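Note that the numbering runs from 1 along the sequence shown for the chain. Not measured: the values here are computed from a predicted model.
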Amino acid sequence: MSQLLLVAQAAPVVAAGPETRSLLAELASGVGAWTIPLCIGAILLHGAVKKVRVYEVFVEGAKEGFEIGVRIIPFLVAILVVVGLFRGSGAMDGLAALLAPVLDPLGVPVDILPMAVIRPLSGGAAQGYLADVLNSPAGPDSLAGRMVSVMSGSTETTFYVLAVYFGSVGVRRARHALPAALLADAAGLIAAIVFTLLFF
């Protein structure tokens with residue numbers, strides 16, 4: 001639902017002129033540049049008001065973060081190996097060739113398929129593929145470039161998140177989390193395809 005609301009909010013921007021879009025881009029850039037410094041300042045101010053020893057608490061948190069990072073390394077290695085095997089074995093290319101007869105009549109470029117497969121597995125690999133599409137001769141303004149961009153922003157690295165966050169707290173049985181997350185990813189992918197076709 002939140003993704004649909006974001007698309008609905010973006011619709012007036014798409015219909016707006018270049019000057020309005022440029023103004024909104026500058027406004028978003030300015031807000032983004034000041035958000036993190038303001039958050040840090042608010043945390044320091046809140047700590048000072050509450051008489052918290054901010055530096056000592058920060059060092060203790062950094063120490064715990066390092067320990068969590070060491071604990072999740074096996075989970076990260078496992079998920080990265082799976083992604084590498086999937087891409088290196090040619091299975092992704094075979095899947096793209098298999099689904100091309102279904103996607104072509106719908107007007108969906110087959111170039112988006114690797115993004116749909118990789119995105120739940122690895123955010124880094126998905127960003128790498130996104131860069132490949134944007135730097136291709138078709139460019140970022142192509143239908144594939146726009147569609148993979150929307151897909152990247154409307155889905156989550158489900159397996160990576162489950163591996164890291166569940167691994168950090170020692171959860172070994174995901175139960176309903178994995179099906180629910182994959183269902184949300186599927187909804188995001190379908191919405192990205194539909195609304196990209198509608199707007200572009």
Side-chain angles (χ1 to χ4, degrees), residues 1-18 20-29 31-32 35 79-80 82-83 86-87 91-166 174-200:
M1 179 60 73
S2 61
Q3 292 157 349
L4 294 177
L5 291 175
L6 287 175
V7 172
Q9 291 171 353
V13 177
V14 172
T20 303
R21 278 183 280 182
S22 176
L23 180 62
L24 290 175
E26 291 181 6
L27 179 63
S29 178
V31 171
T35 298
I79 195 66
L80 292 177
V82 170
V83 172
F86 192 71
R87 298 190 69 179
M92 185 173 297
D93 295 334
L95 184 62
L98 182 66
L99 294 180
V102 179
L103 297 178
D104 288 342
L106 298 175
V108 179
V110 72
D111 294 338
I112 69 162
L113 192 58
M115 172 63 78
V117 175
I118 291 175
R119 180 62 178 163
L121 296 172
S122 170
Q127 292 300 313
Y129 184 74
L130 174 62
D132 287 341
V133 174
L134 298 183
N135 290 323
S136 67
D141 292 332
S142 64
L143 180 60
R146 288 169 169 164
M147 198 169 285
V148 294
S149 298
V150 177
M151 290 170 69
S152 178
S154 59
T155 54
E156 184 54 87
T157 54
T158 298
F159 289 96
Y160 176 85
V161 169
L162 291 180
V164 171
Y165 294 142
F166 280 30
R175 299 193 64 184
H176 306 299
L178 180 59
L182 290 178
L183 186 62
D185 279 336
L189 289 173
I190 293 172
I193 293 172
V194 171
F195 285 101
T196 303
L197 290 175
L198 286 177
F199 285 108
F200 301 108

Taking side-chain hydrogen bond (donor to acceptor under 3.5 Å, both in side chains) as the test, write out the residues that go with Ser149, two or more places apart.
none
Can Thr155 and Asp185 be counted as having a side-chain donor-acceptor contact under 3.5 angstrom?
no
Could you tell me if the side chain of [Y] sits less than 4.5 Å from the side chain of [X], heavy atoms only?
X      : Y      : value
Thr158 : Leu178 : yes
Met115 : Val133 : no
Leu182 : Phe159 : yes

Strictly distance-based, threshold 3.5 Å: is any side-chain N or O of Arg119 a donor or acceptor partner for the main-chain N or O of Thr157?
no
Working for side chain to side chain contact (heavy atoms under 4.5 Å, CB included), residues Leu143 and Leu197:
CA-CA 8 Å; Leu143 180 60; Leu197 290 175; 4.0 Å; yes
Can you see which heavy atom on [X] is nearest to which on [Y], and at what distance?
X      : Y      : value
Ala192 : Ser154 : CB-OG, 3.7 Å
Pro101 : Pro105 : O-CD, 3.0 Å
Gly107 : Pro109 : O-CD, 3.6 Å

Sequence neighbours excluded - salt bridge (charged side-chain N to carboxylate O under 4.0 Å, His left out) pairs with any residue from residues 134-145:
Asp141-Arg146
Among Val150, Val148, Thr196, Leu189, which one satisfies side-chain contact (heavy atoms from CB on, under 4.5 Å) with Ile112?
Val148
